[in-house]
Enquirer: 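To start, I am sharing the structure in question, which I have written as structure tokens.
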Number of protein chains: 2
Amino acid sequence: MTVMDTTRTRTDTCGAPPQPHRLPDGQDRYTISEVVAVTGLSAHTLRWYERIGLMPHVDRSHTGQRRYSNRDLDWLDLVGKLRLTGMPVADMVRYAELVREGDHTFGARFDLLESTRRDVLHRIAELRDTLAVLDRKISFYADADRTRGGATAEED
Amino acid sequence: MTVMDTTRTRTDTCGAPPQPHRLPDGQDRYTISEVVAVTGLSAHTLRWYERIGLMPHVDRSHTGQRRYSNRDLDWLDLVGKLRLTGMPVADMVRYAELVREGDHTFGARFDLLESTRRDVLHRIAELRDTLAVLDRKISFYADADRTRGGATAEED
DNA sequence: CGCTTGCCTGGAGTGCACTCGAAGGCCATA
DNA sequence: TATGGCCTTCGAGTGCACTCCAGGCAAGCG
């Protein structure tokens, strides 16, 4: 990505989460290919997100090309996180709509986030459970390896 | 489920994990609808699992109907847990194949489980990360609710 | 004996989240 | 001037994990 290399500046905001690839606010006008590079999403997907209403309105250059801002990147970050909680895209679109509708939807957004949070907690618990099962099986196979031909009970 | 009620016996193995719905070994010949009831999977899905090779060979009644054993239930339990780690069905089929191939695949099974374990750990970390973001946003909205019209920074 | 219920099979269909391709066009830099 | 990166619309294709359907057999009941 030649574009990336030429536009890069040393400004690493040493703030809370060490966000790399970020230009200071005011110069944050990333092309789609830059966003592809930082998010790992495809250009197709980015345009598709916009079509389905999953993005706040993305700015355009005078020639009509997309120019993403730091806020857009933050939003994509959130979307990415929500996506790997298993939240369906439709629900994220719903949240995006609430944001577009303005401040009077704060309550609804709060509720949505709260229920997502409960969901995530639940999933973490499930995964821990699975981990326990996995550990049991793993130690079974580790034992089986040492006690070659011993009286190993049935296990899969 | 009339079937379930009539076949139920009081034998609750007070062993380690208090598995309900289990008949003592020897009489464990569950119909597909019983398995549907305990696993939450559909009969369609159960048959599909078999077709794609995700089940060890399930026994049949003299009329050709499936009769699931406690071992089958255990297997389905494992499958369920693996499924919610996000493991693709194809990988589970691979594991099932290893089991069918016999004891000489212990090493491969161990490796597969280990890598799944790493995966689960990774996903838990991701979810925790997401949880942190969620918590930040939630407390933002909670604050916004109290400091009505205050100098709230931009947030989505 | 016929009806209902439960189960069987193979194959087709569904929903989600992308993913890709084609066609045609604008703009800027080498 | 040519090349490369981006734009649009639009529709079709992909992969996954089911999900459903049509057609048919076997057992139990009134």
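Chain A is the first sequence line, chain B the second, and so forth, proteins listed ahead of strands; every chain is numbered from 1. Hydrogens, waters and symmetry mates are skipped; everything else that's a heavy atom, side chains included, is used.
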Enquirer: Under 4.0 Å from OP1 or OP2 of dC6(D): is there any side-chain N or O of Thr31(A) that close?
Expert: yes
Enquirer: Flag yes if more than 12 heavy atoms outside His104(A) fall under 6.0 Å of its NE2 atom; otherwise flag no.
Expert: yes
Enquirer: Are the side chains of Met55(A) and Tyr68(A) in contact, using a 4.5 Å heavy-atom criterion?
Expert: yes
Enquirer: Check this one for me: any side-chain N or O of Ser33(B) less than 4.0 Å away from OP1 or OP2 of dC7(C)?
Expert: yes
Enquirer: List in numerical order all residues of residues 82-100 of chain B for which some heavy atom is under 4.0 Å away from an atom belonging to DNA chain D.
Expert: Arg83(B), Pro88(B), Val89(B)
Enquirer: Do Leu113(A) and Tyr95(A) have side-chain heavy atoms sitting under 4.5 Å apart?
Expert: yes
Enquirer: So if I define the base as every atom that isn't primed, P, OP1 or OP2, how would nucleotides 20-28 of chain D read as a B/S/- string at a heavy-atom cutoff under 4.0 Å?
Expert: BB----SS-
Enquirer: Anything under 3.5 Å between a donor and an acceptor, one on a side chain of residues 127-134 of chain B, the other on a protein residue two or more places apart or in another chain? List them.
Expert:
| residue | atom | partner | partner atom | Å |
| --- | --- | --- | --- | --- |
| Asp129(B) | OD2 | Lys81(A) | NZ | 3.3 |
| Thr130(B) | OG1 | Glu126(B) | O | 3.0 |

Enquirer: Do the side-chain N or O atoms of Arg60(A) get closer than 4.0 angstrom to the phosphate oxygens (OP1, OP2) of dC27(C)?
Expert: no
Enquirer: Figure out the CD/C1' separation between Glu50(B) and dC8(C), and round it to whole Å.
Expert: 11 Å
Enquirer: Check whether any side-chain N or O of Arg66(B) sits under 4.0 Å from OP1 or OP2 of dC8(C), and answer yes or no.
Expert: yes
Enquirer: Between Tyr49(A) and dA17(C), is there a side-chain N or O to OP1/OP2 distance below 4.0 Å?
Expert: no
